There are 2 protein chains.
Amino acid sequence: MEIKNALAAFSALSQQTRLEIFRLLVTKGMEGMAAGDIADALDVRPNTLSANLVILVNAGLLRNERQGRSIRYYVDMQGMRFLLSFLLEDCCGGHPELCQPVISEISCHCGESGG
Amino acid sequence: MEIKNALAAFSALSQQTRLEIFRLLVTKGMEGMAAGDIADALDVRPNTLSANLVILVNAGLLRNERQGRSIRYYVDMQGMRFLLSFLLEDCCGGHPELCQPVISEISCHCGESGG
DNA sequence: ATTTTATTTCTATATTTCATGAAATATGGA
DNA sequence: TCCATATTTCATGAAATATAGAAATAAAAT
């Protein structure tokens, strides 16, 4: 990943509506969500939502797929992976114990009851 | 973590100099780096660097410590942990296999020879 | 106390980003 | 074809952010 892609991604996540969109879609997993439903869920006007979705897609954080009249949006897990590995590249100056807690914290707890 | 903190963090990382600062400090681990050395390494003027360091500290991504005349900066691993867990909260709609590759990708490879 | 080095704060200008209304495009149904 | 629904594109004024010069602050050395 080049720095320009990473900048686009962080810039995309640095705006409230877009961060809410992303976090909402994170919870939806591969089910995703239609643009209109996102607009309803977050109470954002369609054109504003659309502009923000474009920014997230161009940043490599979301992908989309037309389904009839709707367009369905999903988190792009590969984009996410590239971004985080770019950010934490060559981490910790040789001391894994520093960054290991970061990684275990974000381990996927889907389906677990407690944490 | 509240959304405002996360927005501040992503906003901080969405600017080239600041992203370079953060990535440089990621590689330094607990050794950290003095402000002046960061300025030299990235070829940024001291006042510009200082303004950007303030933004990163306020975003919870860096911490600092005076050492004689220098001020030394470090990545704040706990801030990082909060940020990533906020971003990926309740992930994947119950399908861990979706986000697991993201996590293994960023696992700390410090000291390993190959990937 | 004065000087030197390291970093920050103040202030102004230039640039970027934001949400919106209005219009356009795409799909599906009658 | 004509209409309704779903979403995007365009243009714009308002707000936020970035950079740098100049001055200020903090610590160490003389």
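Source: prediction; values computed, not measured. Each chain gets a letter, A, B and so on, in the order its sequence line appears, and its residues count up from 1.
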Joint hydrophobic cluster, A/Phe10 plus B/Ile55, side-chain heavy atoms closer than 4.5 Å: no
B/Tyr73 vs C/dA6: side-chain N/O to OP1/OP2 distance below 4.0 Å: no
Whole angstrom value for the distance that separates C1' of D/dT9 from CD1 of A/Ile55: 13 Å
Side-chain N,O (B/Thr48) to OP1/OP2 (D/dT19) below 4.0 Å: no
Selected nucleotide, minimal atom distance to A/Asn47 side chain, candidates D/dT7, C/dA22, C/dT8: C/dA22
A/Phe86 six-ring face occupied by B/Arg23 cation (under 6.0 Å, within 45°): yes
For DNA chain D, the residues among residues 10-18 of chain B that have a non-hydrogen atom under 4.0 Å from it: B/Gln15, B/Arg18
Length of the line joining A/Ile38:CD1 and D/dT8:C1', which is rounded to integer Å: 14 Å
Whole angstrom value for the distance that separates P of D/dT19 from CG of B/Leu49: 11 Å
Whole-Å gap separating C1' (D/dT19) and CG (B/Asp43): 14 Å
Between P of C/dT8 and CZ of B/Arg45, the distance in whole Å: 17 Å
Sugar-phosphate only, base, or nothing, as touched by A/Val44 at under 4.0 Å among non-hydrogen atoms: nothing
Spacing of B/Leu7 atom CG relative to D/dA16 atom P, expressed in whole Å: 14 Å
Residues in contact with DNA chain D, drawn from residues 59-72 of chain A - heavy-atom cutoff 4.0 Å: A/Arg69, A/Ser70, A/Ile71
A/Asn52 side chain near C/dT17 phosphate (N/O to OP1/OP2, under 4.0 Å): no
Rounded distance (Å) that lies between atom P of C/dA19 and atom CG of A/Leu53: 12 Å
